[in-house]
K.L.:
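Can you keep this structure in mind? I'll have questions shortly.
Throughout, protein chains are lettered first and strands after them, A, B, ... in sequence-line order, and every chain is numbered starting at 1.
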Number of protein chains: 2
Amino acid sequence: MARLAKVSKKTVSRVINDSPFVRGETRERITAIMSELGYTPDPQARGLAFRRSFLIGLVYDNPSSQYVIDMQQGILDAVRELGFELIVHPCNRRQPNFLAEVRSFVERQKLFGVVLPPSVSEDEELNKALIEVGCPYTRIASISLDEPARMVVTHDHRGAAEAARHLADLGHRRIAFISGPDMFRSSHERRRGFAQGLADRGLKLQPKYIKEGAYTFESGIACAKKLLAMDAPPTAIFAGNDEMAAGVYRAAREAGLEIPRDLSVVGFDDSAICSKVWPPLTSVLLPIREMGRIAATKLLVEGGLRERIEHPEVSPTLVVRQSTAAHREA
Amino acid sequence: MARLAKVSKKTVSRVINDSPFVRGETRERITAIMSELGYTPDPQARGLAFRRSFLIGLVYDNPSSQYVIDMQQGILDAVRELGFELIVHPCNRRQPNFLAEVRSFVERQKLFGVVLPPSVSEDEELNKALIEVGCPYTRIASISLDEPARMVVTHDHRGAAEAARHLADLGHRRIAFISGPDMFRSSHERRRGFAQGLADRGLKLQPKYIKEGAYTFESGIACAKKLLAMDAPPTAIFAGNDEMAAGVYRAAREAGLEIPRDLSVVGFDDSAICSKVWPPLTSVLLPIREMGRIAATKLLVEGGLRERIEHPEVSPTLVVRQSTAAHREA
DNA sequence: CTGAAAGCGCTTACAG
DNA sequence: CTGAAAGCGCTTACAG
């Protein structure tokens, strides 16, 4: 204990925890000694005494590695300077012991809080369990599912609407949508937004031009094949994510269509593949790292370690590349 | 304490830590009670007393998200059942405080051990620091840099050699290599293996057909452009990783070349893009998840929690897809 | 504003 | 093979 060099260890503890009951002078003296000795309080001991650790959990069940990595970075951006660490907890919602497993994880580790990206964020059972064990959380989802203090809403529908208007403005009329799986909120939100965007331009999203995929490359191929085999095939396709959009590329190639000359394509996620496929894919960008930062900051606010947040809002943006072009009369 | 229901708390502790000094009957009785009550020892308290936590660290500075995610999974495959958790620690080797930062991280958290994938695994400074603070580690690298108990060797050269023989067997003679950056061990290993593989077929890797890239898409484009602009351009290119191979695709397209008819391409990593580009990319697969599993298991062995490992060896495999074809006389 | 006591839930020596 | 004591490094009430 740096106390030998100074006062008592109780006061040191007060300094560490930013207690107001320390004289300015005393605080400065102690702070100086601490940084001189390179002293850092032991997180395990603190955790034991607090009955709460300094660990943030990221519980995810997400197919996209880039999403997870970006989110991890964002969370760390927010909490690293405070000495928090990030425990990652991949899991599988379809596994029977999923709930019990996650629950025991957060309970055992006495997590400071957990960040829940889709689709675990949409699991109401899990949510109830977290409340029961008293573990703070932030849910990230396309629409609000909880009180604002515990949500990061990504407003996917806005990005989808922008994509729709973009295609409409290029003169397309036969416009198709490949949705994600029904069990994902984002599938519905992206579809809703897309329909709304078309409506903004006086167009309608026709049911026959809607196919349900699974957010996978293969499902993108399958859906696109069906669409392109129609009597009046679409001249533009909006895929619910980039994976499926890449599948549309494949199907278009097999059908002998050239993108964007014969078919315009838009994806969602603005992932790494967008710039690697040819032509580069127009896509909707979600600021994932920023979302992670905000989610973690909300945990800090809830824990009383931060006052409030600067930019608590997040919104998708359409990144126009070369996979979309003006409609050409056949 | 479950002691009320039974003996003393000391004995319970003995059971938890697998001490041999407990009678079989007593042990069974206690184990039964524990699982009945759903009792799990508090990792923070245990850590405090042990002066060592039950946390594994993954320190990485890696551009590929898929790599990191797979490795995380592999580590968890090995340690989850023992109640360990995984703390991720992305970092930047080029940052001036890199060493001090990582060091303070492992020291503060009293990590049970850390897993070091490339390129942090190749940092001798960091290695020294870890030894100084007494933190166990496993290094993952293309060649052996440490005692076997602390290494997972990926033998990249073998995979590169296989790629070379594959191209040679297809009849190619003007074969080029785009290397990764000089500071990565893997760059040299892949180059060495590739040269060896060509030598196995009586061919020579000509210096003029070697270009140094940076493991990025853009550098792949740049290097490929130079190669394809040569008087006697290569008919096959082996890129040091898939990112750069995707860059080769782009350059080939701009040069009006069709893959694999006019140019065969091989990548390294067998990443997700392989199956999404057209034609699907032939690539060298490294079993990353398995590597993570082995690395973590070695940490457990070192900690005395596991006897030994089943399959401690790992080797690359060539996955042949449609980006390579027999050489066509011009 | 500051200190002496008791405790967080476990463990390691030390005795039986 | 099993138990009573002291301690891991911090914190929370409780007194001054």
Side-chain angles (χ1 to χ4, degrees), chain A residues 1-31 33-34 37-55 82-85 104 106-112 133-135 303-305, chain B residues 1-31 33-34 37-55 82-85 104 106-112 133-135 303-305:
Chain A
M1 219 351 133
R3 151 198 31 160
L4 302 178
K6 221 97 308 98
V7 294
S8 91
K9 70 194 279 191
K10 193 64 321 329
T11 312
V12 174
S13 172
R14 282 202 185 74
V15 171
I16 293 169
N17 295 295
D18 269 333
S19 155
F21 303 109
V22 185
R23 233 186 329 159
E25 192 207 332
T26 315
R27 175 187 306 279
E28 280 169 28
R29 192 151 42 94
I30 296 178
T31 312
I33 307 276
M34 290 204 307
L37 268 58
Y39 168 81
T40 327
D42 182 323
Q44 308 217 68
R46 291 230 296 161
L48 224 208
F50 270 136
R51 287 169 217 34
R52 184 179 192 184
S53 77
F54 295 87
L55 301 169
L82 282 85
F84 284 77
E85 299 293 341
S104 99
V106 305
E107 215 165 3
R108 183 159 24 89
Q109 297 295 329
K110 302 206 207 76
L111 293 184
F112 187 86
V133 305
C135 179
L305 297 179
Chain B
M1 218 354 133
R3 150 199 31 159
L4 303 176
K6 219 91 313 96
V7 294
S8 92
K9 69 193 283 191
K10 193 59 328 327
T11 312
V12 173
S13 173
R14 283 203 186 69
V15 172
I16 292 170
N17 294 296
D18 269 332
S19 156
F21 304 109
V22 185
R23 233 187 329 162
E25 188 205 334
T26 316
R27 177 189 304 281
E28 279 170 28
R29 193 152 41 95
I30 296 180
T31 311
I33 306 275
M34 289 204 306
L37 267 58
Y39 168 80
T40 326
D42 182 323
Q44 309 218 66
R46 293 228 300 160
L48 223 206
F50 270 137
R51 285 168 217 39
R52 186 179 192 183
S53 76
F54 295 88
L55 301 169
L82 281 85
F84 283 77
E85 298 294 340
S104 99
V106 305
E107 215 165 4
R108 184 162 20 91
Q109 296 296 329
K110 301 206 206 81
L111 293 184
F112 186 86
V133 306
C135 179
L305 297 179

K.L.:
Produce the list of close N/O pairs, under 3.5 Å, pairing protein atoms with atoms of nucleotides 6-8 of chain D; give distances to one decimal.
P.N.:
from  : atom 1 : to    : atom 2 : distance (Å)
D:dC8 : O2     : B:A49 : N      : 3.4

K.L.:
Could you pull out the closest heavy-atom pair between B:V106 and B:C135, with the gap in Å?
P.N.:
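That closest heavy-atom pairing would be CB-SG, 4.1 Å.
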K.L.:
What is the distance, rounded to the nearest whole Å, between atom OH of A:Y39 and atom P of D:dG9?
P.N.:
10 Å
K.L.:
Is there a donor-acceptor contact under 3.5 Å from the side chain of B:S53 to the main chain of B:G47?
P.N.:
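No: the side chain of B:S53 does not pair with the backbone of B:G47.
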K.L.:
Among A:R108, A:K110, A:Q109, which residue meets the side chain to side chain donor-acceptor pair (under 3.5 Å) test with B:D42?
P.N.:
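Of all the options given, the one that passes is A:K110.
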K.L.:
Rounded to the nearest angstrom, tell me the gap between atom CZ in B:R108 and atom P in D:dG9.
P.N.:
16 Å
K.L.:
Could you tell me if the side chain of B:R52 sits less than 4.5 Å from the side chain of B:F112, heavy atoms only?
P.N.:
yes
K.L.:
Below 3.5 Å is the cut-off: list the nitrogen or oxygen pairs between protein and nucleotides 13-16 of chain D, distance only.
P.N.:
none

K.L.:
Heavy atoms only: give me the nearest A:P41-A:R46 pair and the separation to one decimal.
P.N.:
CB-CD, 4.0 Å
K.L.:
In whole angstrom, give the distance that lies between atom CZ of B:R46 and atom C1' of D:dG9.
P.N.:
18 Å
K.L.:
Just to be sure I follow the notation: if a pair is Watson-Crick (purine N1 to pyrimidine N3 plus N6-O4 or O6-N4) or a G-U wobble (N1-O2 and O6-N3), each under 3.5 Å, what dot-bracket string does DNA chain D give, with | for pairs to another strand?
P.N.:
|||.||||||||.|||
K.L.:
In this structure, how many angstroms lie between the P atom of D:dG9 and the CZ atom of B:R52, rounded?
P.N.:
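Rounding to the nearest Å, CZ of B:R52 and P of D:dG9 are 16 Å apart.
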